[in-house]
*Asks:* 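Input: one structure, supplied below.
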Amino acid sequence: MSCGLLTHVWFVRCTDHERLAMKPVLPVNNGAVMSPPVSMVGEDVWIEVIHKMDEVYNELIQHEVALEQKNAALEDAQRFVLSVLAAMSDILIVCDRDGKIEVVNQALVHFTGKAEATLIGSSLFELFADAGAREAFQHKDEHNDETADQTYLSDCESLMCGAEGNATQVSLNCTPRYNHQGRRVGMVITGRPVGELRRAYQALHDAHAELKRTQQQLLHSEKMASLGRLVAGVAHELNNPISFVLGNAHALKRYIQRLELYLSAIHAGSSAPEVEQLRQNLRIDHLLADLPSLIDGTVEGAERTRQIVDGLKRFSAIDQDVTHAFNLVQVIELAVHWVLKATSDTLQINIRLPRVIMVMGYPGQMQQVLTNLIQNAADAVAEVIQPSLTIMAKCHAKFVEIAFQDNGSGIREEHLSHLFEPFFTTKPVGKGTGLGLAISYGIVEQHGGKLEAMNPPEGGARFILTLPLVEQCS
């Protein structure tokens, strides 16, 4: 402890009276006042000195701890930045205002084939293979406007020297770099070879095309699954007109044989009594009277078969790309007809629709949606004593709402939000794929409408199909 410090503290602690009392005993050396002897300093002064030393020491400890924490945080930040730079697949160049490279990452080292130590300190402009890009970056670097745009260049394709000396097209982005005072101190450049971008775009395009193909396959698979559930009923429906046509064909064959015998006798020159007797025996008059109704019945049965086959083709075939207006009522009636043929005879379907509901879209896809909704309602009321389904429409100026209301047990609340998710089903294994409602939802959205499910207060489940109208309902 120096005497000068003790002297300073002593003069602070002493009063003016004490200093005056002690002043005569202070030695003088060439006119300068000497420091008081150590024995003249009081105990309270020493205690104060020790307290001050403790405070200074504590402050030093706190500063040291804070400095170590900041150093640790700085090291963590440095390691984080280095790990990010090492993990970047895009090339990174950090340079000063003169284009001198300061920081690079491993992607640039791999791209150029040069060591990091060689790149750092070299000129940025030496990396460009064409004079145009070199001049563009030099032009940007010469501007010192601190209020310039935050992005110098965006998606600028330039030729850069690759590892084997060949020029490679690279898409570059350049932004200015500022210091803590807000002054521009350089540039940060990132880029990726255009070939990699094109390969990534091509891979994305291929994945999108594959997704579309898969979606079409799922759509067609669900359509075939829905069609398979109706095969039994449709086969029964086809059997009636085909059997009718077949029976008429056999009758026509017998009539032809009888007509051949009758005409052969006439051409052979048989007498009139013989021809008349043969006419009576072969019942030619009855045959001729029965032929028109027989032919009409055959034509009707064939026409009915053609209509059923056309409906099946329209349902199972993939729709064309061109949409057209169609009457939704006819599609609903056909879907109801098919489902009734494949379900129990006890199901009662009440249709309360106007005569014409014109919408725009694909009839085949919309028939799949309607068949699925009606079939789901039929499955939901299978255990009900008197199952019923009501289909009713509410027409507005620009859209129509078709409600499908059944008298089943309704939809569980926890299932309502998942009904239209792919592969979600409440049916037993083997009874449902979980794709019907999901695909139906997508088809309805494609037609500019929406599909909703709810539990109405009166019980059961209600699905509401909303579609835009082409013209007013009639």
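Note that the numbering runs from 1 along the sequence shown for the chain.
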*Asks:* According to side chain to side chain donor-acceptor pair (under 3.5 Å), who are the partners of D206, at least two apart in sequence or on a separate chain?
*Replies:*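 By the side chain to side chain donor-acceptor pair (under 3.5 Å) rule, D206 matches Q202.
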*Asks:* Start with the C-alpha distance between R192 and S171, add both sets of side-chain angles, then the distance that settles side chain to side chain contact (heavy atoms under 4.5 Å, CB included), and finish with yes or no.
*Replies:* CA-CA 5 Å; R192 174 177 293 185; S171 177; 5.6 Å; no
*Asks:* Any sub-3.5 Å donor-acceptor pair from N327's side-chain atoms to M358's backbone N or O?
*Replies:*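 Not confirmed, N327 side chain does not pair with M358 backbone.
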*Asks:* Which residues pass the disulfide bond (SG atoms under 2.5 Å apart) test with C473, not counting sequence neighbours?
*Replies:*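 Residues passing disulfide bond (SG atoms under 2.5 Å apart) with C473: C395.
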*Asks:* Mind checking what makes side chain to side chain donor-acceptor pair (under 3.5 Å) contact with E59, not counting sequence neighbours?
*Replies:*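 So E59 forms no side chain to side chain donor-acceptor pair (under 3.5 Å) with any residue.
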*Asks:* Without swapping roles, check the side chain of Q169 against the backbone of P193 for a donor-acceptor pair under 3.5 Å.
*Replies:*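 Not a single qualifying donor-acceptor pair exists.
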*Asks:* For residues 48-82, which residue pairs qualify under ring pair (Phe, Tyr, Trp, His ring centres under 6.0 Å), counting only residues two or more places apart or in two chains?
*Replies:*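 As it turns out, there is no ring pair (Phe, Tyr, Trp, His ring centres under 6.0 Å) pair with a partner in residues 48-82 once direct neighbours are skipped.
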*Asks:* Answer yes or no: is there a donor N or O on one side and an acceptor on the other, between the side chain of Q330 and the main chain of V356, under 3.5 Å?
*Replies:*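 Pair absent, no side-chain N/O of Q330 close to backbone of V356.
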*Asks:* My understanding is that only residues two or more places apart in sequence, or in another chain, count here; which of them pass salt bridge (Lys or Arg N to Asp or Glu O under 4.0 Å) with E458?
*Replies:*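 If we apply the salt bridge (Lys or Arg N to Asp or Glu O under 4.0 Å) test to E458, skipping adjacent residues, the hits are R462.
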*Asks:* Taking N407 for its side chain and S388 for its backbone only, find out whether a donor-acceptor pair lies under 3.5 Å.
*Replies:*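 Indeed, once roles are kept as given, a pair shorter than 3.5 Å links the two residues.
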*Asks:* Could you note down all residue pairs passing ring pair (Phe, Tyr, Trp, His ring centres under 6.0 Å) where residues 449-474 supplies at least one of them, sequence neighbours left out?
*Replies:*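 The answer is none; no pair qualifies.
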*Asks:* Please say whether more than 12 non-hydrogen atoms of neighbouring residues, nucleotides or ligands are located less than 6.0 Å from CZ in R79.
*Replies:*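 Enclosed.
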*Asks:* Residues two or more places apart in sequence or in another chain: which of them pass side chain to side chain contact (heavy atoms under 4.5 Å, CB included) with S123?
*Replies:*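 For S123 the side chain to side chain contact (heavy atoms under 4.5 Å, CB included) partners, ignoring immediate neighbours, are F125, E126.
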*Asks:* What verdict does the side chain to side chain contact (heavy atoms under 4.5 Å, CB included) test give for I91 and M160, after you've listed the backbone C-alpha separation in whole Å, the side-chain angles of each residue and the deciding distance to 0.1 Å?
*Replies:* CA-CA 11 Å; I91 63 176; M160 296 187 68; 4.0 Å; yes
*Asks:* Can a donor-acceptor pair be found, under 3.5 Å and without considering hydrogens, that links the side chain of N455 to the backbone of I411?
*Replies:*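 At least one qualifying donor-acceptor pair exists.
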*Asks:* Identify, with sequence neighbours excluded, every residue that meets side chain to side chain donor-acceptor pair (under 3.5 Å) alongside N350.
*Replies:*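 For N350, the residues satisfying side chain to side chain donor-acceptor pair (under 3.5 Å) (neighbours in sequence not counted) are Q348.
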*Asks:* Hey, are the side chains of F326 and V359 touching, using non-hydrogen atoms and a 4.5 Å cut-off?
*Replies:*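 Yes, their side chains come closer than 4.5 Å.
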*Asks:* Over all heavy atoms of both residues, which pair between A378 and V339 is shortest? Give the atoms and the distance, please.
*Replies:*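 Of all heavy-atom pairs spanning A378 and V339, the closest is CB-CG1, 4.3 Å.
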*Asks:* Of all residues at least two apart in sequence or in a different chain, which pass the salt bridge (Lys or Arg N to Asp or Glu O under 4.0 Å) check with E55?
*Replies:*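 Applying salt bridge (Lys or Arg N to Asp or Glu O under 4.0 Å) to E55 gives none.
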*Asks:* Run the ring-ring contact (aromatic ring centres under 6.0 Å, His included) test against H396 and tell me which residues pass, sequence neighbours left out.
*Replies:*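 ring-ring contact (aromatic ring centres under 6.0 Å, His included) check on H396 returns F399.
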*Asks:* Compare all side-chain heavy atoms of H447 with those of V369 and state whether any distance is below 4.5 angstrom.
*Replies:*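 No, every pair of side-chain atoms sits at 4.5 Å or beyond.
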*Asks:* According to the side chain to side chain donor-acceptor pair (under 3.5 Å) rule, which pairs have a member within residues 101-110, sequence neighbours left out?
*Replies:*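 For residues 101-110, and leaving out neighbouring residues, the side chain to side chain donor-acceptor pair (under 3.5 Å) pairs sorted by first residue read E102-R177.
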*Asks:* Side-chain contact, heavy-atom cut-off 4.5 Å: L437 with L373?
*Replies:*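 The answer is yes; the side chains approach within 4.5 Å.
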*Asks:* Working to the nearest 0.5 Å, report the span between CG of L353 and CD1 of I332.
*Replies:*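 Answer for the CG-CD1 pair, L353 versus I332, is 5.0 Å.
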*Asks:* Could you tell me whether the side chains of N372 and N376 share a donor-acceptor contact shorter than 3.5 Å?
*Replies:*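 Yes, because at least one side-chain N or O of N372 sits under 3.5 Å from a partner of the opposite role on N376.
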*Asks:* Do L465 and V400 come within less than 4.5 Å of each other through their side chains, counting heavy atoms only?
*Replies:*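 Counting from C-beta outward, L465 and V400 never come under 4.5 Å.
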*Asks:* Between atom CG of L469 and atom CD1 of I357, what is the distance when rounded to the nearest 0.5 Å?
*Replies:*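 Between atom CG of L469 and atom CD1 of I357 there are 7.5 Å.
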*Asks:* Does the side chain of L328 come within less than 4.5 Å of L370's, by heavy atoms?
*Replies:*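 Yes - at least one pair of side-chain heavy atoms lies under 4.5 Å apart.
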*Asks:* Hey, mind stepping through E75 and N71 against side chain to side chain donor-acceptor pair (under 3.5 Å) and telling me if it holds?
*Replies:* CA-CA 6 Å; E75 291 177 359; N71 288 336; over 6 Å; no
*Asks:* Taking S122 for its side chain and L119 for its backbone only, find out whether a donor-acceptor pair lies under 3.5 Å.
*Replies:*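 Judged by distance alone, yes, a pair lies under 3.5 Å.
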*Asks:* Is there a side chain to side chain contact (heavy atoms under 4.5 Å, CB included) between L451 and S440? Walk through the geometry before answering.
*Replies:* CA-CA 8 Å; L451 185 60; S440 298; 4.3 Å; yes
*Asks:* For F111, give me all partners under ring-ring contact (aromatic ring centres under 6.0 Å, His included), at least two apart in sequence or on another chain.
*Replies:*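 Not a single residue meets the ring-ring contact (aromatic ring centres under 6.0 Å, His included) criterion with F111.
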*Asks:* Mark yes or no for whether N179, through its side chain, and Q181, through its backbone, hold a donor-acceptor pair below 3.5 Å.
*Replies:*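 Between the backbone of Q181 and the side chain of N179 there is a qualifying donor-acceptor contact (under 3.5 Å).
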*Asks:* What I'd like to find out is whether the side chain of I93 reaches to under 4.5 Å of the side chain of L127, using heavy atoms alone.
*Replies:*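 Side-chain contact under 4.5 Å: yes.
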*Asks:* For a side chain to side chain contact (heavy atoms under 4.5 Å, CB included) check, start with the C-alpha distance between I391 and I374, then their side-chain angles and the critical distance, and finish with the verdict.
*Replies:* CA-CA 9 Å; I391 304 175; I374 298 170; 4.2 Å; yes
